[in-house]
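Note that ligands are numbered from 1 as they come in the structure, with each ligand's atoms numbered from 1 the same way. Positions are given from 1 along the sequence.
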Amino acid sequence: SITSAKIKVNGVHLHYQQTGQGDHAVLLLPGMLGSSQSDFGPQLKSMNKQLFTIVAWDPRGYGHSIPPVRDFPPDFFERDARDAVDLMQALKFKKFSLLGWSDGGITALIAAAKHPALIYKLVVWGANAVVTQEDLKLYNAIRDVSKWSEKVRKPMEEMYGHEYFAKTCEAWVDGISQFADKADGNICQHLLPHIKCPTFIIHGGKDPLVPQLHAEYLHKHIKESRLFLMPEGKHNLHLRFAEEFNKVVENFLR
Ligand code: TYC
């Protein structure tokens, strides 16, 4: 069974889902505007519950962790990283692995770099440590949510209502674009050398949102990392190819 609960962390009532009885605790971190419910159905359902205790969280301002309204100060990824680690500590997990998708991958990279003693292993996919000029164009192409595909837009509008969804998407584009003004478009590249845990980087060969150079960059700068390409995968490879994704991730974690 999958339980759903809230716990107060850093002044915010964070929502999470939890399943499994394994000794190995893992936290699943969703992408921009994502939540445990929208982003991790196949992982909560099908990952091995004897081996793992699986927690999936809704970052503040996303999913069912509202209020607060989501905002994007310059340190929003660091804030998410602190919330994520503090959530797992509040739930009494001493050491755990992080599985982060896209923005959740960035959060996981920062958390692993800042808390090496707490993180056992790290898995990221569709993540990036820098923002390039090309990325800026891609971000601006999704600013207007009426241009999103029906398939991706509908669950978001059901979760948030049209107005919150549209506003938060625009705020996200402005928020992530802030990094392009920094030297080298840095988000967390300076932290990558501090990641000491075994790291598994997955990338979809057909990801239209995050160019493959980001995965290669992460692999180059994270010492204990392995890069795995899913040639047919797009950005949502863990949903579209859930069975293969779960299998390779479980093999890496065990
Ligand atoms: N980072 C977003 C996420 O967390 C996905 C995304 C990447 C959106 C690039 C737009 O141009 C973009 N799911």
*For ligand 1, what is the set of protein residues having any non-hydrogen atom at a distance below 4.0 Å?*
G31, M32, S102, D103, L138, Y139, I142, W172, L209, V210, H235
*Quick one: closest heavy-atom pair of P208 and L138, and the distance?*
O-CD2, 3.7 Å
*Taking every non-hydrogen atom, the tightest pair across L209 and D207*: N-OD1, 2.8 Å
*Look at the aromatic rings of Y217 and H221 and report parallel, tilted or perpendicular, splitting at 30° and 60°.*
tilted
*Let me see the working for E224 and K196 under salt bridge (Lys or Arg N to Asp or Glu O under 4.0 Å), right down to the final yes or no.*
CA-CA 7 Å; E224 296 296 318; K196 307 292 184 206; over 6 Å; no
*F179 vs F76 aromatic rings, parallel, tilted or perpendicular, using cut-offs 30° and 60°?*
tilted
*asked:* Ring-plane angle category for W148 and F165, please: parallel below 30°, perpendicular beyond 60°, tilted otherwise.
replied: perpendicular
